[in-house]
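The structure under discussion appears below in the form of structure tokens.
Computed over heavy atoms, backbone and side chain alike; hydrogens, waters and symmetry mates excluded. Proteins come first, then strands; the chains are lettered A, B, ... in the order of their sequence lines, and each starts at number 1.
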Amino acid sequence: MKWTETLIPTLREAPSDAEILSHKLLLRAGLIRKLAGGVYTFLPLGLRVLRKVEQIIREEMDRAGAIEVLMPALQPREIWEQTGRAETAKGVLFKVRDGADREWFLSPTAEEVITTLAAHEISSYRQLPRNFYQISTKFRDEIRPRFGLMRAKEFIMKDAYSFDVSDAAAMASYQKMYAAYHRIFDRCGLQNFPVEADSGVIGGSHSHEFMVPADTGENEVVFCEACGYAANREKATSGVPGTAAREPGGAPEQFATPGVVTIEALSREPYGVAAHRQIKTLVYLVEDSPVLVLIRGDDQLNETKFSARTGGLTFRPATPEECVEILGARPGSLGAVRRVPAEVRVLADERLRGANDMTTGANEDGFHLRHVAMDRDVRVSDWFDLRTVAAGEPCVKCGQPLNIRRAIEVGHVFKLGTKYSEKLGASYLDESGARRPCVMGCYGIGVTRTLQAIIEQGNDKDGIIWPLSVAPYQVCLTPLQVAAGHPVMELAETLYRELTARGVEVLLDDRDERPGVKFKDADLVGFPIRVAIGEKSLARGQVEIKPRRGALLAVDCAAAVSGIMAQLQPPG
RNA sequence: CGGAGCGUAGCUCAGCCUGGCUAGAGCACUUGCUUUGGGAGCAAGACGUCGCAGGUUCGAAUCCUGUCGCUCCGACCA
């Protein structure tokens, strides 16, 4: 391809609405353009990279035995009603109506569609296992799209769905996808690692996210360098010690704490109650029912864990007025020792188990209670792990200190069980003729997000640095004279023909621009190899091969093609 | 949806506070000349409903109200 015959609108400056580096580079290198918030056009170069990432995914999915299909983006409302997700997923669903006023959803994912297909087409254990995948445009009405392709309203996702005869067989399918994901991200040149993850609204028992470390990532990952434990912070646990028991201090005793409404204030003189000897009492409304959450004063509630445990579709912290209504006091003086209505559920964090001589609110503004023993004085409905792990806590597996870092989630694998197959009738007859629900798994890769993650991880001050495997073109030929018939241009055209004939993807920068402009643009776009052909080097009978990441190499014209081909070999 | 900020040329921005002549700069674009190994120079030119709609005023890019869009923080995130 010749530069002047395609569209590569590079920008010297980044548009002001781009915040993070990879988003700026996507725009500056002419890969994408924004149509509206969270909605982008892929320009020729961006599309080429996208196709390469897709192809890697396709090859690895095929290798793992998955079969490609293409499902509709337009999905009838009814199947979503059947699984109950018309309600639970309504926050992200784009809804459209046809001329007959029938409601349709634009596909944010396709469990309902594929399970409906399986219900029709799979009837025997002989047809299992099966794993169907597609690469297609997905729509999610993200509340706040951001960071370019990272979180968009319309994006490209690879989604796969496995159907198995049993839990054990489903686990094997899961492992296959897990391994395939590793290969996919490795081939994309990404540092990546799987972490234990929360299953969220989609449900299921077991899930891992594939993370790419990046400071701009939206996820926090807890990991242990010693043993390899890694989990999303929403899910992570640690080996923090429980709360030490003390000599019983007698019955709960109320004392005045005027104006004290924070853990921190109570820890100061004249009270001097250490944060870890306090019980923090939070009031939430889960689908309008009040729930108390007890957590140690020095811990933070993990709302994802809380939500997973309550199983409610919606929850929110109670307002101060609602706290008064429920417990008779305002936040800052709340506790679970007295005046707790019998119908209110009380969840306590495991770390409080057996704790005594604790201090907590008295449910009377301006008063606290001391000498509180969890076992004796608090009616706990359920004990759960509800706290948020902090850096430096001992690893739950090996005891070494945990670290926390930010990362981009590029893939997510779930073991789904029979949640969808039961609701949509995807079942099979086993050897004994008994009807059983298929055991499912689902597996997603954010293709467009992966593309941006590659940029986020591969760049320097001059621009993008593409791995060979996904570069829009492997080689950029940069003749410094472009007049037809000029020896420089003639050599460039010869190299272009010879490299193309060898299957190399070459972009010929035939723009009549000054050398500096061409070099800057080649660096910005990030071609793995740039070949400069100018009068000066040609006078010595040479061309210059410049790997994007590496030193310039002058080679004889006759050896140019073989020199370039050598650079294209994978290292090692 | 809560909080904050921003909408002026294709892009980056100035002008706004304190209303006033023909609305500006750099880059990009067109033409010509010069230049030609890391974002050239000179000259000429084209490009604007100052987001939109109301209002105040003799007069609004500037002040007020509403509205739409964009960005950031939060909530959300299969």
(request) Look at A/R316 together with A/E322 and state whether they make a salt bridge at an N to O cut-off of under 4.0 Å. (result) yes
(request) Give a yes or no on whether a salt bridge exists between A/R548 and A/D460, defined as a side-chain N under 4.0 angstrom from a carboxylate O. (result) yes
Checking all strands, does [X] fall into the base, sugar-phosphate, or nothing category for heavy-atom contacts under 4.0 angstrom?
| X | answer |
| --- | --- |
| A/R28 | base |
| A/R530 | base |
| A/D523 | base |
| A/P9 | nothing |

[N] to [M] separation - [atom1] atoms, rounded to the nearest Å:
| N | M | atom1 | value |
| --- | --- | --- | --- |
| B/C68 | B/U22 | C1' | 31 Å |
| B/G7 | B/G51 | C1' | 6 Å |
| B/G38 | B/U31 | P | 26 Å |
| B/C21 | B/U62 | C1' | 16 Å |
| B/C17 | B/G26 | P | 25 Å |
| B/A23 | B/U49 | C1' | 13 Å |
| B/C76 | B/A14 | P | 35 Å |
| B/A61 | B/G19 | P | 14 Å |

(request) Report the distance from atom OH of A/Y133 to atom CE of A/M177, rounding to the nearest 0.5 Å. (result) 9.5 Å
(message) Rounded to the nearest 0.5 Å, what separates atom CD in A/E456 from atom CG in A/L26?
(response) 9.5 Å
Output one line per pair: protein atom, nucleotide atom from nucleotides 66-75 of chain B, and distance, for all N/O pairs under 3.5 Å.
residue, atom, partner, partner atom, Å
B/C70, OP1, A/G37, N, 2.8
B/C70, O3', A/K34, NZ, 3.0
B/C73, OP2, A/R144, NH1, 3.2
B/C73, OP2, A/R144, NH2, 2.7
B/C73, OP2, A/R146, NH1, 3.2

What does [N] pair with, Watson-Crick or G-U, if both distances are under 3.5 Å?
| N | value |
| --- | --- |
| B/U49 | none |
| B/C76 | none |
| B/C58 | B/G20 |
| B/A14 | none |
| B/A28 | none |
| B/C70 | B/G5 |

(message) Would you say the rings of A/Y178 and A/F210 are close, in the sense that their centroids are separated by under 6.0 Å?
(response) yes
Atom of [X], atom of [Y] and distance for their closest heavy-atom approach:
| X | Y | result |
| --- | --- | --- |
| A/V475 | A/L499 | CG1-CD1, 4.4 Å |
| A/Y473 | A/P528 | O-CD, 3.3 Å |
| A/C438 | A/T418 | O-CG2, 3.5 Å |

(request) Indicate for each nucleotide in nucleotides 25-35 of chain B, in 5' to 3' sequence, whether protein heavy atoms under 4.0 Å reach the base (B), only the sugar-phosphate (S), or nothing (-). (result) -BSS------B
[X] has an atom [atom1]; how far is it from atom [atom2] of [N], in whole Å?
| X | N | atom1 | atom2 | value |
| --- | --- | --- | --- | --- |
| A/D198 | B/C76 | CG | P | 12 Å |
| A/L43 | B/G10 | CG | P | 18 Å |
| A/L552 | B/G38 | CG | C1' | 12 Å |
| A/L480 | B/G39 | CG | P | 13 Å |
| A/K24 | B/C11 | NZ | P | 16 Å |
| A/R33 | B/G10 | CZ | C1' | 10 Å |
| A/L27 | B/U12 | CG | C1' | 13 Å |

(message) Test side chain to side chain contact (heavy atoms under 4.5 Å, CB included) on A/V561 and A/L495; report intermediate values, then the result.
(response) CA-CA 7 Å; A/V561 170; A/L495 289 177; 3.7 Å; yes
(message) Measuring from the side chain of A/P15 (C-beta onward, heavy atoms only), which nucleotide among B/U12, B/C76, B/A40 has the closest atom?
(response) B/U12
(request) By nearest nucleotide on RNA chain B, pick out whichever of A/E535 and A/L93 is the more 5' one. (result) A/E535
(request) By nearest nucleotide on RNA chain B, pick out whichever of A/P108 and A/A532 is the more 5' one. (result) A/A532
(message) Given A/D141, which partner from the list A/K95, A/K153, A/K90 fulfils the salt bridge (Lys or Arg N to Asp or Glu O under 4.0 Å) test?
(response) A/K153
(message) For A/K158 and A/I184: C-alpha separation, side-chain torsions, deciding distance, then whether side chain to side chain contact (heavy atoms under 4.5 Å, CB included) applies.
(response) CA-CA 12 Å; A/K158 187 283 301 179; A/I184 288 165; 5.7 Å; no
(request) Please report the C-alpha distance between A/D385 and A/T237 in whole Å, then the side-chain angles of each, then the deciding distance to 0.1 Å, and finally whether the side chain to side chain donor-acceptor pair (under 3.5 Å) criterion is met. (result) CA-CA 8 Å; A/D385 166 37; A/T237 58; 5.2 Å; no
